[in-house]
Amino acid sequence: MNILYDERIDGELKSFEKSDIIADLQQSVPSLTLLHREEDLHPFECDGLAAYRVLPMLVALPETLDQVQTLLKRCHALGVPVVTRGAGTGLSGGALPLERGVLLVMSRFKKILAIDPDARVARLQPGVRNLAISEAAAPYGLYYAPDPSSQIACSIGGNVAENAGGVHCLKYGLTVHNVMRVDIITIEGERMTLGSEALDAPGFDLLALMNGSEGMLGVVTEITVKLLPKPETAKVLMASFDDVEKAGRAVGDIIAAGIIPGGLEMMDKLAIQAAEDFVKAGYPVEAEAILLCELDGVEADVDDDCQTVRKVLEEAGATNIQLARDEAERARFWAGRKNAFPAVGRMSPDYYCMDGTIPRRELPRVLKGIAALSQESGLPVANVFHAGDGNMHPLILFDANREGELALAEEVGGKILELCVAAGGSITGEHGVGREKINQMCSQFQADEISLFHALKAAFDPDGLLNPGKNIPTLARCAEFGAMHVHNNELPHPELPRF
Amino acid sequence: MTETATLNADQDIADALCAQVGRAYAERTPLRIVGANTRGFYGLPVDGEPLEMAGHTGIVSYDPIELVVTVRAGTRISDLEDRLAENHQMLAFEPPRFGPASTIGGAVATGLSGPRRPWAGAVRDFVLGTRVINQEGKLLRFGGEVMKNVAGYDMSRLMVGAQGTLGVLTDISFKVLPQPAASHSLKLSLPLDAALNKLAELGRKPLPITAAAWHAGELFLRLEGGKSSVNATRERLGGEEISADLWRELRDLEHAFFTQNNDKALWRLSLPPNTPALPLDIAERDIFYDWAGSQRFIKTSLDADTLRKACQQAGGHATCYTPAALGGAQAPFTPLNPVVEKYHRQLKAQLDGHGIFNPGRLYAAF
C-alpha cells in the first residue's frame, strides 16, 4: 500500500511552515531537545516495520513531564499532529512518523520508579524496557509476565500502546491483564490517572481502553504493572509430527485434558529448518511440525501435567516426544522458537511477518489456505504459531530488490489476514493495526463499527491530532481500499501488484 | 465443532431490542436497561422506559476445546455455569449472583467479580468480545471469539462496569477455564495484623491460593490447583478444614455478615494490596476482608466523605451498596476527578448523544 499519509482519504491536515513550528516550540519549551535537520531525523524514520519509512518534520526528545505537557499543549494550539514513539520496535508501523508532524520520543523516560514486593507491583516510566522489569523484580522472586519476543528492547509504554503479548498469553494474559494503572497526558496537555493500585477504579474502564489504543487517545507517562511470583519450576516437552493437522489437533487435546500450558508453540517444516540451521536447537528437521509445550507452576503439579501431556501427545500421533532434560536444554528448545524470525530472515533477503488470530479448530483450513496462497504467488511462507491462543505468525519470504515483490508479499499478507477474518478470527493478535493493517480493518469491521471507533477517538482527541492515519481507517479509505479486500477473489488479475 | 444451544430458553430478540433503542433515540426517551433486576441496588435509580433483556437468552456457541463461550445477555448465570460445569469448565471470575435469576448481562454490566479475582482476574479480563446496540439501534460487534485480538479500540472491555450507559450489551464471548482438579478450604485463627502479614508473605510465593478472606479473628483460605500442590500446601498451612460454601456466601453477599444486623449502610472498599487497617472508627465485627485485603466490606454510619477520604489516601475508593432511599450515600460511586470526569462526559456524549442509555445510573450528572 501507499504508506504516505494521504489527505484525500486519511483526512485533511493543517498547513503550516516548519520554521514557524520550530520557532514556536523552541520558545515555549526552551529546554526541550528538538531535532529538525535531515541527518538527525533519519534514525527515526521507521519503527520495527522497516519497509515503511517517512522522515518526520521534527523529533522531540523530552526528559521531563512538564516538557511533554507543554509540547502537547502547543501542538494542540497550533494544530500540529503528534506521533508518539517508544523504543521503536513495533511491527505494524504504529510509530511511523508524519512528514508534517512531530515525533514525540519517550525513550528518555527510563526510570524504574518503585518496586513494592509486598503489594507485588512495579511503578515505571514508559521508556523502561520490558525485560528490565523482570530483572529488577527477580531479587524478590517476582517477574512481569507479558514477554513479547522483542522484550530485550521494547519498552513498557509501547507495550501498553500496542497491548503487547508474547508466548505466555494463554495462561498469563496480555498487557491489558497485567497493567493496573497508567498516567497519561491528553492532547490538550491535561494529566490524568486511569486505573489504580487497588484492583479496580470508579467510572468507565478507561484503563482497558487505553491499552492497545496505539497512541491515538493520549500519551502514556507512567505505568504501574502487577508482578507475579516466579513459578517454582518450568518444563518443556517437544513433540514432532509428520502432519501439521495432527499437531493442530494435539493442541486442542491438551486443552481438553484440562491443562493450560504456560506456553504452547507450533512451528512448521520451513520454520523448523530455518531455526535449526540458525541456532542448532536440536529440532527434528524431518518433521512436518513440532509443538513446544511449557508447563510451569509448583513442581509436583508440573510433573503430573507432564505425564498427562505426554500421554495426550502420544495418542495424538506424535512421532517423537522429548522432555528437556535440564535448564540448558529447555533454553535451547526455546532459543529455536524465539529466534525463528531472524532464522527465517537468513533464508531470504526480506520477510513479512503477519499476526492473525483464529479459533484453533480452524487451523488446518487456514494453513491449507496459506499454502495455496504461497504456491499461487511463488513466495514461500514459514509458519510460527502461538498455538495455545490461536495467534499465527506466517512469515512471507520475498526479495524487495525484485520488482513488485514487496507489493506481492503485502498482497499475500492481506489475503492471509482475510482468511483469518473469514475463519472468525482477527487481523492482529498482538502487533497492532498501525499503518500496516489500516486497510484490513475494513474487512474486520463494518462501517457503523468504524464510526463508533471514530466517536471514541473524538471523545479524547476531537481534532484528530494524535497519530492520525493509524489504527482506525476513515470510511473514505474503506470505500476506496476496503472493498478491494472484501471482494478480493472477484478482482480481475489478482496477481498484479496494487498500489 | 461448535455446539448449538438447545436450551428451552434459547431466544434471540436482538431485532426487537434494536427497534426499541431506535425508537427511543428518535423520540429521545430514556431507557432503563433491566435483566432480572437483581442488581438494581448497585447504582442510582434510573427513570426510563424498561428495555427488557431477560428474554434474550441462550448459549450461542460453546466449544470447550477453544475455551470460549458466547452467550446472550439475558441468560441466567446459573444456566451458563451449569453448562460449563458439564465440561469441567468455569467462569474463573466467579460472577456474584444476587438471586437465582441473575443474568450474565447484568454481571458484565456491573463488572463485579468474586473471591478469585486477585488471582484469576476480573470480569473484564475474561471478556473476549461483545455485541452491542449503539444509540441508533444498530447491532455492532466488537472483539470476537479468539484469545488475542488488538484490532480497533477495546470497546468490549469498556462496556464492562459501564452499566449500560454507553450502549446495550446483547451477546458476550468469554474465555473460560478448566475447573481446578483439587480444592481445599481452611481457616486459621489469627488476629487482623498477623493475618495481613501472613497474606503478604504467602502472596510472594507461587502457592495455589485462589481466595483469602478475614473476619472476626479468622483467616479463610481456598487452595485450588493440581492435587499434588493442593495437598502439599494444605499440609504446610495446617488449620481447620471448612466448607467451600463460605466463598459462595461471600460472593453473593449471603453470609450472615451481610444478612444480619443491617442497621448501618453496607460499603465496599477497594484498596491496594497490603493496605493496613484504615484509621476509621469501625468495629472489627463490622468489617469483612476479601481478596486478601484488597476488597473490604464494611457496615458503618460514617458519612461518605470521611470514608472516601480515608480510602483515597490509601490509594483506593469506596462504593455504597445501600441505596440512598434506605439510608445509603447519595452518590454510590466515588466522584471522579475533574479531568477524568470531563473525558467520561465526552465519551458519554459521543456514544449516547441523547442520553437514552441508563442516564444517571453511575453518576447523576451523565
Side-chain angles (χ1 to χ4, degrees), chain A residues 117-120 141 163 165 169-170 173-174 177 190 192 196-205 208-209 211-213 229 231-232 252 255-256 258 298 300-301 304 357-361 389-391 424-430 432-433 441 444-445 448-449 452-453 455-456 458-460 472, chain B residues 63-67 88 117-118 121-122 124-125 134 138 140-142 144-155 157-158 160-162 177-178 181 200 203-206 208 225-226 228-229 232 270-274 291 294 315-317 333-334 336 339-340 343-344 346-347 350-351 362:
Chain A
D118 288 326
R120 278 164 281 136
N163 192 11
C169 292
L170 181 67
L174 291 100
H177 301 106
E190 302 142 313
M192 175 155 73
S196 137
E197 288 188 17
L199 298 184
D200 41 48
F204 300 142
D205 197 339
L209 185 63
N211 276 277
S213 62
E232 198 176 282
I255 308 276
V298 181
D301 285 352
D304 294 349
T357 59
I358 53 168
R360 280 185 306 265
R361 60 174 175 270
D389 48 30
N391 191 185
S426 167
I427 58 170
T428 172
E430 56 185 6
V433 174
M441 282 292 281
Q444 176 120 26
F445 293 100
D448 288 324
E449 291 151 359
L452 188 134
F453 287 147
L456 279 175
F460 289 87
I472 313 293
Chain B
D63 191 340
I65 290 177
E66 298 289 336
L67 300 174
H88 309 290
R117 191 269 172 255
R124 61 94 126 158
D125 294 318
N134 75 356
K138 288 177 180 156
L140 311 182
R141 182 204 294 257
F142 298 98
E145 296 189 307
V146 286
M147 292 294 153
K148 285 161 93 177
N149 185 353
V150 294
Y153 300 118
D154 199 341
M155 180 66 186
R157 288 198 173 90
L158 180 62
V160 180
L177 285 179
R204 283 164 65 171
K205 298 186 177 121
S228 305
S229 67
S270 177
L271 297 163
N274 214 32
W291 295 4
S294 289
H317 62 102
F333 301 106
T334 296
L336 304 169
V339 179
V340 176
Y343 287 97
H344 274 65
Q346 288 182 188
L347 196 52
Q350 286 288 340
L351 301 193
L362 296 175

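The chains referred to below are lettered A, B, ... by the order of the sequence lines, with proteins before strands, and numbering in each begins at 1. Not measured: the values here are computed from a predicted model.
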Pick from B:V340, B:L362, B:L177 with the largest number of heavy-atom pairs that fall under 4.5 Å of chain A: B:V340
Shortest non-hydrogen contact between A:I427 and B:A151, atoms and distance: CG1-CB, 3.9 Å
Residue pair B:N149 / A:S426: nearest heavy atoms and the distance that separates them: OD1-OG, 2.7 Å
Mutual orientation of the aromatic rings belonging to A:F204 and B:H344 [parallel < 30°, tilted 30-60°, perpendicular > 60°]: parallel
Side chain / backbone / both / neither for B:A162 at chain A, heavy atoms under 4.5 Å: both
Gap separating the CG atom of A:L452 from the NZ atom of B:K138, nearest 0.5 angstrom: 11.0 Å
Minimum-distance pair of heavy atoms, taken over all atoms of B:S294 and A:L199: CB-CD1, 4.0 Å
Worked verdict on B:I65 versus A:R361 for side chain to side chain contact (heavy atoms under 4.5 Å, CB included): CA-CA 8 Å; B:I65 290 177; A:R361 60 174 175 270; over 6 Å; no
Proximal component of A:R360, with respect to chain B [non-hydrogen, under 4.5 Å]: both
Atom pair CG/CH2 of A:D200 and B:W291 - distance to nearest 0.5 Å: 5.0 Å
Interface residue of largest heavy-atom contact number with chain A, from B:P208, B:S270, B:A200, B:P272, under 4.5 Å: B:P272
Interface moiety of A:L456 toward chain B, non-hydrogen atoms closer than 4.5 Å: both
Which portion of A:N391 sits near chain B, non-hydrogen atoms under 4.5 angstrom: side chain
Interface residue of largest heavy-atom contact number with chain B, from A:G425, A:G173, A:G203, A:S196, under 4.5 Å: A:G203
Residue part contacting chain A, namely of B:L347, when any heavy atom lies under 4.5 Å: both
side-chain hydrogen bond (donor to acceptor under 3.5 Å, both in side chains) evaluation trace for A:D301 with B:S229: CA-CA 6 Å; A:D301 285 352; B:S229 67; 2.3 Å; yes
Side-chain touch B:M147/A:L174, heavy atoms, less than 4.5 angstrom: no
Close side-chain approach of A:P359 and B:E66, heavy atoms under 4.5 Å: yes
Interface moiety of A:P231 toward chain B, non-hydrogen atoms closer than 4.5 Å: backbone
Positive for side chain to side chain contact (heavy atoms under 4.5 Å, CB included) with B:V150, one of A:N211, A:T428, A:T357: A:T428
Segment of B:D154 engaging chain A (4.5 angstrom heavy-atom cut-off): both
Short side-chain to backbone donor-acceptor contact, A:E449 and B:R141, under 3.5 Å: yes
Selection from A:A256, A:G258, A:G212 maximising heavy-atom pairs under 4.5 Å formed with chain B: A:G258
Backbone N/O of A:D205 and side chain of B:R124: donor-acceptor pair under 3.5 Å: no
Heavy-atom pair count under 4.5 Å with chain B, highest-scoring of A:G424, A:C169, A:G165: A:C169
Minimum heavy-atom distance between B:P64 and A:I255, given as atom pair plus value: O-CG2, 4.5 Å
Segment of B:L67 engaging chain A (4.5 angstrom heavy-atom cut-off): both
Exercise: identify the closest heavy-atom pair between A:A458 and B:Q350: CB-NE2, 3.5 Å
A:D389/B:K148 salt bridge by N-O under 4.0 Å criterion: yes
With B:R204 via side-chain hydrogen bond (donor to acceptor under 3.5 Å, both in side chains) - residues at least two apart: A:D118
Largest heavy-atom contact set with chain A, pairs under 4.5 Å, which of B:G161, B:G316, B:G203, B:G121: B:G203
Main-chain N/O of B:P273 paired with A:E197 side-chain donor or acceptor, under 3.5 Å: no
Which portion of A:I358 sits near chain B, non-hydrogen atoms under 4.5 angstrom: backbone
side-chain hydrogen bond (donor to acceptor under 3.5 Å, both in side chains) involving A:D304 - partner list, sequence neighbours excluded: B:S228
Engaged part of A:S213 at the chain B interface, taking heavy atoms whose separation is under 4.5 Å: both
Best-contacting candidate, A:A208, A:G141, A:A198, against chain B by heavy atom pairs under 4.5 angstrom: A:A198
Structural part of A:Q444 lying under 4.5 Å from a heavy atom of chain B: side chain
Interface residue of largest heavy-atom contact number with chain A, from B:L271, B:V160, B:L351, B:N274, under 4.5 Å: B:N274
